[in-house]
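Down below is the structure, laid out as structure tokens.
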Amino acid sequence: MHRRLIAPGALAASLLLAIPASAADYSPGAPGIGDPYYPAYGNGGYDVSHYDLRLQYQPETDKLEGTATLLARTTQDLSRFNLDFLLDVREVRVNGTKAAFTTSGEHELEITPKNPLPKGTAVTVVVRYSGVPSSKKAYGFTSWHRTPDGGVGANEPEAAWWWFPSNDHPLDKATYDVSVAVPDGSQAISNGTLQSVSSRAGWTRYSWRSNKPQATYLATLAVGKFDLTTGTSESGIPIVNAYSKDLGDNYGAARASIERTGEVADWLSEYFGPYPFNALGGYVPNTNTGYALETQTRPFYSPRQFASGTNVSVVVHELAHQWYGDYVSVTGWKDIWINEGFARYAQWLWSEHEGEGTAQEIADYVYASRAADDPFWTVKPGDPGPENQFHIAVYDRGALALQTLRNEIGDEAFFAILKGWPKKYAHGNATVGDFVKYAEEVSGQPLASLFDTWLYQASKPGVPAARAASIAPRAQGELVRPESWKQIAATNSVHER
């Protein structure tokens, strides 16, 4: 018989590997994911890969009942974890076993599994719940919009808490199945492709699927009575649009704008690369909000966006987000320029396309029309702070920074960046710093100073800086407003809350 000799140190190491972590080694997941703008948003300790939401909604009472199944994996030895949620929970199961739960803070659902979860464990979490979304508030507001014929979940940076439990931060993207039963005669609209429609005992169930990673704030649900239109873009993407039946005078303008979704998406793909998802569309519920939102594959539009007539520019803005914001999402909310500066610049490019003012003319106008003492210039698009996250400066000054970049490095490099960036970070997350680094790599030029001047200084860049960036300073009497400006400015309330 042969014996293999094992050194004492190696024997000790092998024994340690065989011993499972003790209960004392497990700890609760953090109640926030670590975003300095919103410390309590998201959660630590796990990563979600898929949400399966099976819901029933009664428009008359705003009553929502649901079972949410989350597929996740732990990222630490976990004794307890949180979900972001506001409705009333009846039962929670973790890997098939009932788990203890309680609530804390403004929107935290704390779950303690029967057995602690080692790092790297695949976890299935089932939450059964019900409630009236419109009756729930957190931090003094609601992201659920009650309508005359139903309700809508759509807001940024948070909307999920009102209709499904989640890890609510763009860093944790997942795929979705959303199945919603509503009374016959109503429709349920969500993201992605419509998988099936079935009716039974006075209820109709709509089942939607988003098969690409999607941030939680980009998931949407709208229930109401809609006129639905379907089609296919020239590039072959199926389109589903929905218009509330009671939009009144705004109906025609809304439809005339949103029915151009396929055309606009195909046009944007010339600048940003192939459309990144397998569905397109938009919906207009009868809400009294003023903003629009880039909910993935199917943007939400307020009727007020069309109160002055057709506005294809807002459609351009929200569809541009499908690449800049949805396909590539922010790492933290301070990186919001990655979303809004680029979506605004897409509107400037559309103005060029329509012959209503070049991006250069719009940039000159934005720079010259705001005096140096205008508070507009005190907002830093590269890190605006949570109170200014959706300030108009993030949009207009943010787009102005892109025009200065275009002038500095030339069209060839600039448009290579616009197309290459989404591909580089496809279905992931990135920061403003990542973009600066990528722009330097593609252009072969040092650009830190340019971005510092136009994104990070709380003051208007002076005339020498403007001239260096080929922005033409003008006196007020010399200002010429581009023809497209009225329609672009009409979208300034896109994200006002």
Side-chain angles (χ1 to χ4, degrees), residues 29-35 37-55 64 66-73 75 81-87 89 105-109 111 123 125 127 129 133 136 138-139 141-145 152-178 180 189-192 208-222 277 293-300 321-322 325-333 335-336 338-339 389 427-429 495 497:
I33 209 166
D35 193 311
Y37 277 23
Y38 303 99
Y41 287 24
N43 304 284
Y46 64 94
D47 184 87
V48 181
S49 60
H50 184 73
Y51 292 91
D52 182 275
L53 308 176
R54 189 169 181 84
L55 312 174
L64 177 69
T67 299
T69 302
L70 286 65
L71 304 182
R73 186 169 295 275
T75 57
F81 61 94
N82 288 17
L83 293 172
D84 301 301
F85 196 45
L86 289 174
L87 298 186
V89 175
E106 293 272 350
H107 66 281
E108 301 287 347
L109 172 64
I111 299 171
V123 181
V125 181
V127 181
Y129 59 93
K136 302 294 185 179
Y139 307 99
F141 67 89
T142 179
S143 290
W144 183 263
H145 313 294
V152 179
N155 203 355
E156 182 182 9
E158 67 292 286
W161 315 340
W162 284 264
W163 65 285
F164 70 96
S166 68
N167 191 19
D168 190 26
H169 192 276
L171 275 175
D172 194 356
K173 300 165 80 167
T175 54
Y176 286 74
D177 281 304
V178 179
V180 189
I189 308 299
S190 192
N191 312 82
W208 298 86
R209 170 168 290 176
S210 290
N211 69 343
K212 299 297 182 185
Q214 176 176 289
T216 42
Y217 83 96
L218 297 173
T220 192
L221 173 64
F277 307 114
L293 184 65
E294 63 269 20
T295 41
Q296 192 159 305
T297 70
R298 190 151 292 107
F300 158 86
H321 277 311
Q322 303 305 306
D326 297 11
Y327 193 29
V328 182
S329 300
V330 296
T331 295
W333 283 111
D335 300 307
I336 191 65
I338 292 291
N339 296 11
Q389 186 176 341
H427 300 301
N429 303 78
H495 284 161
R497 309 288 185 273

(message) One thing to verify: whether Asp177 and Arg209 come together as a salt bridge, which I'm taking to mean a side-chain N less than 4.0 angstrom from a carboxylate O.
(response) yes
(request) Evaluate the ring planes of Phe141 and Trp161, with Trp represented by its six-membered ring, and classify them as parallel (under 30°), tilted (30 to 60°) or perpendicular (over 60°). (result) tilted
Counting N and O atoms only, with roles assigned by atom type, does the side chain of [X] sit under 3.5 Å from a partner on the main chain of [Y], one being a donor and the other an acceptor?
{"X": "Asp52", "Y": "Thr69", "value": "no"}
{"X": "Thr220", "Y": "Gly153", "value": "yes"}
{"X": "Thr295", "Y": "Phe300", "value": "yes"}
{"X": "Tyr38", "Y": "Gly332", "value": "no"}
{"X": "Thr175", "Y": "Ser49", "value": "yes"}

(request) Check step by step if side-chain contact (heavy atoms from CB on, under 4.5 Å) holds for Lys212 and Asp326. (result) CA-CA 10 Å; Lys212 299 297 182 185; Asp326 297 11; over 6 Å; no
(request) Verify side chain to side chain donor-acceptor pair (under 3.5 Å) between Gln296 and Asn191, making sure each step is shown before the conclusion. (result) CA-CA 6 Å; Gln296 192 159 305; Asn191 312 82; over 6 Å; no
(message) Which residue is it: Tyr139, Trp162, Phe85? I am looking for the one with a ring-ring contact (aromatic ring centres under 6.0 Å, His included) to His107.
(response) Tyr139
(request) With Trp333 as reference, evaluate Tyr41, Tyr217, Tyr37 under the ring-ring contact (aromatic ring centres under 6.0 Å, His included) test and give the passing residue. (result) Tyr217
To the nearest 0.5 Å, what is the distance between [atom1] ([X]) and [atom2] ([Y])?
{"X": "Leu70", "Y": "Tyr51", "atom1": "CG", "atom2": "OH", "value": "5.0 Å"}
{"X": "Asp35", "Y": "Leu171", "atom1": "CG", "atom2": "CG", "value": "7.5 Å"}
{"X": "Asn82", "Y": "Ile111", "atom1": "CG", "atom2": "CD1", "value": "8.0 Å"}
{"X": "Lys136", "Y": "Ser143", "atom1": "NZ", "atom2": "OG", "value": "15.0 Å"}
{"X": "Phe164", "Y": "Thr67", "atom1": "CZ", "atom2": "OG1", "value": "14.5 Å"}
{"X": "Leu87", "Y": "Leu109", "atom1": "CG", "atom2": "CG", "value": "10.5 Å"}

(request) Walk me through it: do Asp168 and Thr216 pass the test side chain to side chain donor-acceptor pair (under 3.5 Å)? (result) CA-CA 6 Å; Asp168 190 26; Thr216 42; 2.5 Å; yes
(message) Determine whether the aromatic ring centres of residues Tyr327 and His427 are separated by less than 6.0 angstrom.
(response) yes
(message) For Val180 and Trp208: C-alpha separation, side-chain torsions, deciding distance, then whether side-chain contact (heavy atoms from CB on, under 4.5 Å) applies.
(response) CA-CA 9 Å; Val180 189; Trp208 298 86; 5.7 Å; no
